[in-house]
Every structure is written in C-alpha cells, then in structure tokens.
Amino acid sequence: MKDRLRRWYQDGRHLRFEVFADWLPVPDCRVTLDPQVTDRWGIPSARVRLFSHPRNREAAAWLADRGADVLRLLGARNVRTYAGNAASTNLVAGTCRFGKDPATSVLDRDCRVHDADNVYVTDGSFMPTGGSVPYTWTIYANAFRVADRIVEALGRGAR
Ligand SMILES: Cc1cc2nc3c(=O)[nH]c(=O)nc-3n(C[C@H](O)[C@H](O)[C@H](O)COP(=O)(O)OP(=O)(O)OC[C@H]3O[C@@H](n4cnc5c(N)ncnc54)[C@H](O)[C@@H]3O)c2cc1C
C-alpha cells in the first residue's frame, strides 16, 4: 500500500485537464415562480428547471476522444476520459436572453429589457448559451459594452 501510494503521488507524473463543450439551449430549462412556495415576505420562490440536451454529451465525448488521441500521440499511458452530461449548476445562462424578438427574448441586443427603457441586465443570463467557454470573461466584456451604450443613451438625454 505504501509503495503504491508513493508511486502514485510521489513518483507518478499525472496530467489532468478539463475541457468544455457547449450546453445547447433547451426551452424547458428555465426559472419560473413557484405557485405555492413563498419566502418569508410572501414573494414566490424561484423554481429552477435544469435539463441537458443529448447533443451535449455527444460533443463532449467527441472532444474527449480527440484529447485522448493527442495525449497518446504525445506518449501518455493510462489515458482515461470522462464525458459528463449533467446540467451545469455553476455555468448557467439564458434565463434573460437577448434577441431581436420580444416574443422569444427578454432583452434587446444592448441588454435593455424590451419593454422598459431604463432597465439593463448584464449578468450571465443574457447569453442563450456560453459558446463552449466558461462565461465570466464574456460577462465582463458584455457589461463594459452595455455600459458604453448606457453612457451613449444618457448623452442623448435618456433617463
Ligand atoms: C465553483 C464555481 C467555479 C467556477 N469556475 C469558473 C471558471 O473557472 N471560469 C469561469 O469563467 N467561470 C467560472 N464559474 C462561473 C462564474 O462564477 C459565473 O459564470 C459568473 O459568476 C456568473 O456571473 P453573474 O453576474 O451572472 O452571476 P453571479 O456572479 O452569481 O452574481 C449574482 C449576484 O446577484 C446577487 N443576488 C442574487 N439574488 C439577489 C437578490 N434577490 N437581491 C440582490 N442581489 C441578489 C448574488 O448575491 C450575486 O452577488 C464558476 C462558478 C462556480 C460556482
């Protein structure tokens, strides 16, 4: 046991990495208000529904296989891969997505609520999908872009 632990943790050289495939938008993946459960102020609780599109796993498995191919070509041994299909709970998007059509989106292209002149949303919810990358830098970049639009709008005399 001690020898094996030493070999694994001390002598072994391991390379472990994680890659992301995109999570495709699924219409039934959404936040609604619970008709029964309320918080202590009587406000309806959020009801979160998470689903994963079957294509997500196919894409992830394809990527994992290509990664394993590359590692083997580099001389790696004992290559193991795993392609998960669980709905992500830490990279969430799409609950307030932007778009041209108020029937299918909450925000316009500048992340302003379609039917409210002075409400902008710049968190991760504007993206229908993260586009296969972790989202945070996209959220930052978009927030700066929207800030410029707000400054422009204020310059035109908007409230
Ligand atoms: C464990 C973990 C690891 C991650 N790793 C990475 C990574 O490596 N790379 C990457 O790019 N992303 C990563 N992410 C994802 C990243 O953290 C999120 O995509 C990003 O923080 C989302 O930003 P957001 O502004 O949409 O929401 P959040 O950062 O969640 O901000 C929402 C804010 O709203 C506040 N809030 C909620 N309800 C209310 C309310 N009723 N009133 C007032 N305020 C409220 C919350 O307190 C919070 O401050 C990770 C997330 C987790 C959990």
Side-chain angles (χ1 to χ4, degrees), residues 9 13-71 74 76 79-154 158-159:
Y9 289 106
R13 283 180 295 168
H14 308 277
L15 173 66
R16 181 177 175 162
F17 63 89
E18 183 182 27
V19 293
F20 294 89
D22 203 3
W23 289 289
L24 295 174
V26 182
D28 214 19
C29 196
R30 56 178 56 223
V31 181
T32 54
L33 296 180
D34 196 297
Q36 273 136 22
V37 182
T38 57
D39 67 14
R40 75 173 87 156
W41 295 281
I43 297 172
S45 295
R47 180 188 270 182
V48 181
R49 292 167 65 88
L50 284 176
F51 294 98
S52 184
H53 196 289
R55 290 287 291 177
N56 297 350
R57 192 172 183 291
E58 289 171 29
W62 189 90
L63 272 177
D65 287 347
R66 297 295 76 71
D69 290 344
V70 171
L71 287 173
L74 290 170
V79 177
R80 282 173 292 168
T81 62
Y82 167 74
N85 192 35
S88 168
T89 53
N90 59 352
L91 290 165
V92 290
T95 44
C96 235
R97 66 184 181 177
F98 67 166
K100 290 179 186 162
D101 184 357
T104 55
S105 58
V106 178
L107 310 171
D108 70 11
R109 61 189 296 163
D110 289 332
C111 291
R112 190 176 68 170
V113 175
H114 279 300
D115 51 3
D117 280 352
N118 58 353
V119 180
Y120 291 78
V121 180
T122 58
D123 64 1
S125 64
F126 81 96
M127 295 177 279
T129 151
S132 302
V133 293
Y135 307 164
T136 305
W137 291 100
T138 313
I139 295 169
Y140 291 158
N142 183 62
F144 285 123
R145 183 184 72 86
V146 173
D148 286 341
R149 296 291 176 278
I150 295 172
V151 169
E152 279 169 27
L154 288 171
R159 280 185 298 146

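Whatever order the structure lists them in is the order used to number ligands and atoms, beginning at 1.
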Atoms of ligand 1, numbered as shown, that sit under 4.0 Å from any heavy atom of [X]:
X      : answer
Leu91  : 12 (N), 13 (C), 14 (N), 15 (C)
Pro134 : 9 (N), 10 (C), 11 (O)
Asp123 : 24 (P), 25 (O), 26 (O)

Legend entry - Nearest heavy-atom neighbours spanning Phe20 and Pro134: CE1-CG, 3.6 Å
Inset, instruction - Locate the shortest heavy-atom distance separating Met127 from Thr138; write the atom from each residue and the value. - result: SD-CG2, 3.8 Å
Inset, instruction - Using distance alone, determine whether Gly124 and ligand 1 share an N or O pair under 3.5 Å. - result: yes
Legend entry - Heteroatom distance test (Thr136, ligand 1): nitrogen or oxygen, under 3.5 angstrom: yes
Indicate whether [atom] is within a distance of less than 4.0 angstrom of some protein heavy atom.
atom                    : value
atom 46 (C) of ligand 1 : no
atom 12 (N) of ligand 1 : yes
atom 26 (O) of ligand 1 : yes
atom 51 (C) of ligand 1 : yes
atom 2 (C) of ligand 1  : yes
atom 32 (C) of ligand 1 : no
atom 38 (N) of ligand 1 : no
atom 8 (O) of ligand 1  : no

Does the side chain of [X] reach to within under 4.5 Å of the side chain of [Y], using non-hydrogen atoms?
X      : Y      : value
Asp117 : Arg112 : yes
Asp148 : Ile150 : no
Asn142 : Cys111 : yes
Val106 : His114 : no

Inset, instruction - Could you tell me the residue and atom name of the protein heavy atom closest to atom 5 (N) of ligand 1, and the distance to it rounded to 0.1 Å? - result: Asn90 ND2, 4.8 Å
Legend entry - Nearest-contact summary for atom 23 (O) of ligand 1 - protein heavy atom, Å: Ile139 CD1, 3.5 Å
Check ion pair [X]-[Y] (N to O, under 4.0 angstrom):
X      : Y      : result
Arg66  : Asp69  : yes
Arg49  : Asp28  : yes
Asp110 : Arg145 : yes

Legend entry - Part of Val133 with heavy atoms under 4.0 Å of ligand 1, whether side chain, backbone, both or neither: neither
Inset, instruction - Classify the contact between Val92 and ligand 1 as side chain, backbone, both or neither, using a heavy-atom distance cut-off of under 4.0 Å. - result: neither
Inset, instruction - Inspect the surroundings of CZ in Phe51 and state if more than 12 heavy atoms from other residues, nucleotides or ligands are less than 6.0 Å away. - result: yes
Inset, instruction - Taking atom types as modelled, find out whether Asp101 and Ser105 have a side-chain donor-acceptor pair closer than 3.5 angstrom. - result: no
